[in-house]
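Here the structure comes first, spelled out in structure tokens, and everything after it is commentary.
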Amino acid sequence: MSDPILTAEGLGKTFGGDTGLFGKSGEAVRAVDDVGFSVARAETLALVGESGCGKSTLGRLLLRLIDPTDGVIRFDGKEITKLSPSQMRDMRRHLQIIFQDPFGSLSPRRSIADIIAEPLEVFGLERSRRKRRDRVAELLDRVGLPSAYMDRLPRSFSGGQRQRVGIARAIATSPAFIVADEPVSALDVSIQAQIVNLLQDLQRDEGFSYLFIAHDLAVVRHIADRVAVMYLGRLVEIGPKDAVYNLPQHPYTQALISAAPEPELDGPNTRIVLEGDVPSPSNVPKGCAFNTRCPLAQEVCRRERPLLREVAPGQMAACHFAEPNPVKLQPRGDPPAT
Amino acid sequence: QTSDTLVIALSARGLRTIDSAKSIQGADEWAIIHIFETLVMGPEGRFPTTVDEVQPALATSWSMSDDATEWTFEIREGVQFHKDYGELTAEDVAFSLGRLIDPDILGVRAALFQNASSVTVEGPMTVKITLSQPDPLFIIGPMLHHSASVISKAAYEEKGPEAFETDPIGTGPYQLEEVAQDPSMGVLLTAFEGYWGDQPATPNLRVRYISDTTARTLALLSGDVHMIEGVRAPGWVPSIQQRAGDLHFDTASPGSFFTVSMNMTVPPFDDQRVRQAVAYLIDRDTIAEAMAPISQRTWGLNPPSFPGGFNGETIPEEVRYDYNVERAKELLTEAGYPDGLSFDAYTSQREDYSSISLMIQEMLRAGGIDMNLELKDHTAFHADQGTGTNTLFQRSSAYPPVPTLAITDQLSVENEVQSDGSGGPNFSHYGADGNGIDDLLAEAMAEPNLERRIEKVQEIEVKFLTDMPMLPVSTNAYLIVRAANVDLGYEQESGFAHWRLDKATIN
Amino acid sequence: MPAAEALPPEPSTWKMVYEALTARPATIVACIFVLFFIVVAVFAPLIAPYDPLQQSILSVNQSPSSEHLVGTDQFGRDVLSRLIFGSRNSLIFGFVSPVSAAIIGTILGVTAGYFGGLTDRIISRVIDMLLAFPELLLAILIAAVLGGGFWNVVAVLTVAFTPGFARVARASTLAVRQEPYIEAAVAVGLRTPKLIIRHVVPNIAAPVVVLTTLWISSAIRLEASLSFLGIGTQPPQPSWGNIIRDGLNNLFGSPWPIIGAGFLITIVVLSFNLIGDALRDALDPEVGR
Amino acid sequence: MTDAPLLRISNLAVEFGPKKNPLRVIEGVSFEVPVGGSIGLVGESGSGKSVSSLAAMRLIPEQSGRIAEGDIELMGRDLLAVPASEMPKIRGSEIAMIFQEPMSSLNPVMTIGDQIGEALMLHGEKDKKRRRERTIEMLRLVGIPNAEGRIGAYPHQFSGGMRQRVMIAMALSCNPRLLIADEPTTALDVTIQAQVLELMKRIRRELGTAILMISHDLGVIADICDRVVVMYAGRVVEDADIRSILTRPAHPYTRGLLRSVPRRNDTSDRLFQIPGTVPVAGTIKRGCPFRSRCELAEAQCEREMPPMFKFEGDQRAACWVTAREASAAEPEVKV
Amino acid sequence: MLRYILSRLIDTVPTVLMVLTMVFIAMRVLPGDPAIAALGDLATADQLAEFRERMGLNEPMLTQYLTFVWNMLTLDFGQSLMNGRDVSGLIAYNLPYTIELTLSSVFLGVIVGVPFGVWAATNPNKAPDSAMRGYSLIGYAVPDFYLGALLLITFSLNLGWFPINGGGDGFADRLYHLVLPAITLAFIKSAFLGRLTRTAVLEVMGRDYVRTARAKGAREKRVIYRHGLRNALLPLTTGLGLSTLSALSGSVAVELVFNRPGLGQLLISAIAERDYAVIQAGITVFALFVVAINLLMDLAYVLIDPRIRVK
Ligand SMILES: Nc1ncnc2c1ncn2[C@@H]1O[C@H](COP(=O)(O)OP(=O)(O)OP(=O)(O)O)[C@@H](O)[C@H]1O
Ligand SMILES: Nc1ncnc2c1ncn2[C@@H]1O[C@H](COP(=O)(O)OP(=O)(O)OP(=O)(O)O)[C@@H](O)[C@H]1O
Ligand SMILES: [Mg+2]
Ligand SMILES: [Mg+2]
């Protein structure tokens, strides 16, 4: 972690809650709260958590697609939270994003050549139209699509192919840091592997850093170097992949990892089933946000918000009871059916 | 409909006022003439052609001073006002006529009663009117007009001028029963039991206002109403005759004088030749024919049937203006418009106005004159035209057979149109440059001898026709279509645009 | 990968439109009608047998004959020629107001929808208020202010139609704005004006185009209504609405103008509706009325 | 007919689109659900899983689609011969179904209680009070806290997981013999999914309800099911007990699927990937639908759709190559 | 819910104010002098001045505006400039005719259109659907005034079954006078509502919860009415609002054709005559009517959609 390409400190975002013209006020949603971490060069940091916990919001904040309510982001040592809009536009060359939805993220009425060429055009990387087309062909080749397709509209492509177009657009300017917001979760199982492999190949060849957002823990385990776990807008655990998977510190991480079904015959025995639902982010519980569902919750958890602290080398967790040998939750799953 | 209520539907949007002196819309006069009476009246169904034909009404006798400036009336005894407002006296008469000449009270009919300088009570049943200039025709002019009706002074003072407009008290054969909320249901009149003359043949009379032509026509055809104001548009009479062959058509001819005036103060009508060209281009025979059977063409302002009115034989050659496109084009070329010209004008939606204007528009086109015509609501049209904003003004107005009346009204400087709307219907501004007929008119008015007066009038006609501030087009008889089962009780021939229905019966 | 051929051929928008318009016999007939009317309107002076204003006082209220195919009116004008010239007013009207409204409305709607905030609030408020008024009432009100007349009414209806377009454009923009491809364009560093032109406008075009087609028929009908009420096209210029109005006044003279004009309005409006429906099905199944 | 399966689908084909030029989205689909059993249906998106299950309920939308061929038997009774007006009696009471989208599958304008109560009422419970009691009982069963207090709530007041539990409660309220669950957890989060899966297992255990579980996630299937039917492009390509599928899949697609899922003990750098894209169901007219993506494809695969070969044990798969390699038996009936 | 209703009510305040402001501006921009229009072209300058004084037309604009808003809000519409009658009286007389025409035509439109639409939606692409399509296409295309004229000529004039004009007196007579005008508008409304119902029901019938209802074992009738139509009510309410509004504006031409009393007739006459007092009152009442209908529709949503109700 000596040379982080990107760091975030105390990052927070609140949606809504502002007073309107006629005195109406929306419900404030604290989507991201006091998040800090860094990503090293050529590293993949995976971000997992339940739906609505603020993963995408965090990803967007890092690229300043939305402006943070508080906190600082540094890219390559420069504080990008301070940049003017036009400076930020220039900076986008180095910061790119791949979206979850391969259908929605391509402008439906523009050919894929236009879509991929757009960043080249914006940053003046290839001035002539011809050159741009050559470069588009190269990029298509890179992501494994025949360049003969380039004048077609996105609608003639399958999900996996579109996701490749999205990747080509993201890497067109050779960025240093890419947010991949659930890039495979909308794809068929048999296609997911293709895209995961492509992303890995690209990283190996070009040295990108990824923030890889996902909810599929199996995929995360495969691709990530480090894993960050989010719950209700807060980081609850972050650490090297193996450490987090093998010795999860936070009870939530434990539950998450145990609950993910795997095509194994002995899977269900070890499952920890949490009670209840994720609270609404507009109404985060006091103290530890997880206390409403945590089997270990004590008085202190309802009172005091646990801070992220290093528990094992490189592994941090935000739990009052986290320690090098954490309390293991007992699986509460039922015995397998017969 | 039961046969004890006679229903007549007129073209108007609703009642304006039933005060005889304040009436500004012809439709209301149908109620007015049944509620109120004048001192004298014409023979049944027509205008009197001479003073001798004038009949007694609220006055039993009258006399004119030799110099024709003083008129004395003896008032009928025992005439009762409606709704127990007592017996008619000279006081009521003097009050009624007095407010017509007192601008402080009214002033609306100023033009008609301009010449009257005072009204005095000479005895309990005697009233004297003094004129500033001699008028031998005073009783067939202003005195026959409905605004000279007699109202109850007591009622007027008790109710106040405004309330009186919808709650009038007169002496006529009918009294006001109700003013319906629905304008199209108009007003209901009932027979006045204390009437001094014969009781009305039909006990109730309803005057309805239905401005939509179709609706009005359908109301007649469906039997909803017995009489409607006809549509003075080409082809209407034959077409409705086709639908119902047994309808009666009552007309009052000559009816309204249709004239077009040109604003002499602005181009292109500031040029006499242009105005004459317009006159040559308007084919008045065709217009009259198109509007048959209610229309007659005119040669001068006074129609042939009026004392001194010109006809085809008597009209001097130089002011005949027979239809002549060639001549018109020559005149236009001389005036500097060899390629024709175009101007904007507006007219009223009312059928007689719009039909004739559309025909004129079409006729002018033949001579290379483009008249861009806008159609306005009738009331709005009057309001706008009253401020002098039109270019080719139209006017359709009925006058009693007093040859100076129409001339005074439309050609004298004192009636010059004003931009604030306070002026009269001299839309052409004729005479504003001192070159009008005003001197001749003054001479005529001062002339007590009827024949010599008429000569002067004809002189005036020739002069203005030469200057051409205004072209008299035609007279359009006022038309009432009557259901087959309604009998008027007399023949209607001429007169104002309303006539008495107290003898009408429904069979 | 030999998949290049495996891809189905790209269906072009024009082809989709063409297919939508030729899918049902009724729509084909409607297209033919509309084309026919456009031709008639454009070449009215060549097609009309008479000058529509030419009066012939001696042959009024005639029934159809070989000389006057739909007879004459109360001024002896040839009804057929008036109907033919009337189609001009109806069509000019039918196109000008909706198209101008579409342009203005789209600009307003996109601005409000894309930028949001106070801009949106102000624009939306005005839109909502105007929308609350049925077009005809709005037209009557404004016509009362401006006075009647053809171009005034065109302006009036443009104002009356604009909020409808603005609303649709705004709603579509709001939807499009949520689409990830907009965010992708921002992420790529595109400037806002270019972004709107490239990525927003093309993607809200379909509902706007469909709405325009549907409004054309409404405009034709409204013009007729206004002319019927005496506020629209002024005589002697013929318009189908005032032909009916005059015809009603002259009902017993000749029923032919009413029959003719009413029939034409119905047919033309029907045709445009059919075409609008077909386009909606093809381009934008979401837009409803 | 004592050991007749609860549900037997044989040789089912469903078409969509115009009758003249139909698109056969599933063809030759056969499988069985034993009484009290638990069958998983897996496959890529669009492979025909939902269509197959809807066919079993006779709920294929009439406007656009129809069952073109095949038989469906419920406890030996020919479902396709039942008049349409009789089907409502069977739906809900014999077979019940829960759908993928918990957000949109509940009527937004009816209370939760009314929706469950409706199912009870439709199947004979006329007494209002008893309906209410049973509704509360069902909500308790699926683990809705404060069930009494919440029967008056509307769906939008519930979270996704709770809604899915309501769906399950509704489906189970009439004690169906068969519960078809069409991707019941796809829209849910991992921790919520775990809750729902536990619930389904308990129900099967306690009520003896047979389950037909549809999913594209082999992990979910492995958790719940005894037996798995794998579909690809509208066809059944493999049908075997869960152990066989996980340990020795017979069809190359099943193999690829299993290998492309990253595993806990997987240390390889790259994931195994099946090349190419998924064909749209019904577009492959001839030969094996998987052949263009199959490492093992041969000339025969181009020409002929392989029948379901019988492999070791109760395993069946439609592959010429692996069948030959395993010297699997020819099927009894050729498709 | 109460909060929602309250806020919706409060929301109408600026709308009403804006409407009034618009009316005021429109009135002051209207060409033509109200004084001349009222008194006729024979009035003297003094009379005109006196009139302006009396009507407050000489006051500063702001005073006029405030007076105007206050008067409108207190329903004090002043006197007709044409005949001095109380405008409130005119409105009170005419309004019921317009309301009865509007409501009865919408009512007829609903009872014909909605079942027709449901019938079409449940038989898509079959005869009822085609019939609905044809019906709605014609209903959309025929101008109301034209249809009204045709009905009037046929049934009143030629067959004599119905009255030719007027609004009638007394319940039975009013109903009798209402038949043709209401049918005229209802034909168009039913086409609109029928089409809308068809679309809405068809849309709803494709929803997941309808499938759920079928899967539960609900019979088709129940599925259609309990689940389908109930959920289609929301778009239908919007449609009902729109069609009430369009019936309101359609009433103008229809009142003219049938020569019925009513707000439209009153307003058109007043515009023609430039009776300021009546125009501003008429427009204000129309506008308030529109605002009220919109408000009612919004409140109806609350009853129909629990998602709004609970929030
Ligand atoms: N533009 C916005 N305005 C208001 N609230 C928002 C906005 N964007 C996100 N939120 C809220 O912020 C929270 C976090 O949302 P976010 O999309 O970041 O979650 P996520 O973890 O990416 O979820 P998913 O896994 O479903 O993609 C959610 O409650 C969401 O409703
Ligand atoms: N109503 C319909 N009309 C036309 N085609 C349909 C219809 N319903 C399904 N299909 C087609 O049938 C095929 C199988 O669809 P099905 O819904 O059964 O897939 P699935 O396996 O359930 O997929 P998923 O995992 O996405 O739910 C698809 O190609 C789909 O496009
Ligand atoms: Mg997200
Ligand atoms: Mg499915």
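Just so we're on the same page: letters track the sequence lines, and every chain starts at 1.
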>> At a heavy-atom distance under 4.5 Å, which candidate from A:I98, A:L106, A:D101, A:I97 has the highest pair count against chain C?
In response: A:L106
> A:G104 and C:P180: which non-hydrogen atoms are nearest, and at how many Å?
Replying inline: O-CD, 3.6 Å
>> Looking at every heavy atom in both C:H199 and A:S107, which two are closest together, and how far apart are they?
In response: ND1-OG, 2.9 Å
> Given a strict heavy-atom distance threshold of 4.5 Å, which part of A:F103 is in contact with chain C: side chain, backbone, both, or neither?
Replying inline: neither
>> Under 4.5 Å from any heavy atom of chain C, what part of A:R110 do you find: side chain, backbone, both or neither?
In response: side chain
> Distance from C:L190 atom CG to A:E118 atom CD, nearest 0.5 Å?
Replying inline: 4.5 Å
>> For A:R64, which atoms come within 4.5 Å of any heavy atom of chain C: side chain, backbone, both, or neither?
In response: neither
> Hey, which of A:A170, A:S105, A:A172 has the most heavy atom pairs under 4.5 Å with chain C?
Replying inline: A:S105
> How far apart are the closest heavy atoms of A:V122 and C:G189, and which atoms are they?
Replying inline: CG1-O, 3.4 Å
>> At a heavy-atom distance under 4.5 Å, which candidate from C:E183, C:Q178, C:E179 has the highest pair count against chain A?
In response: C:E183
> From A:R169 CZ over to C:Y181 OH, what is the distance, rounded to the nearest 0.5 angstrom?
Replying inline: 11.5 Å
> Side chain, backbone, both or neither: which part of A:E121 has a heavy atom under 4.5 Å from chain C?
Replying inline: side chain
>> My understanding is that only one of A:R89, A:R92, A:Q96 makes a side-chain contact (heavy atoms from CB on, under 4.5 Å) with C:V188; could you say which?
In response: A:Q96
>> Surrounding CZ of C:F33 (heavy atoms of other residues, nucleotides or ligands, distance under 6.0 Å), is the total greater than 12?
In response: no
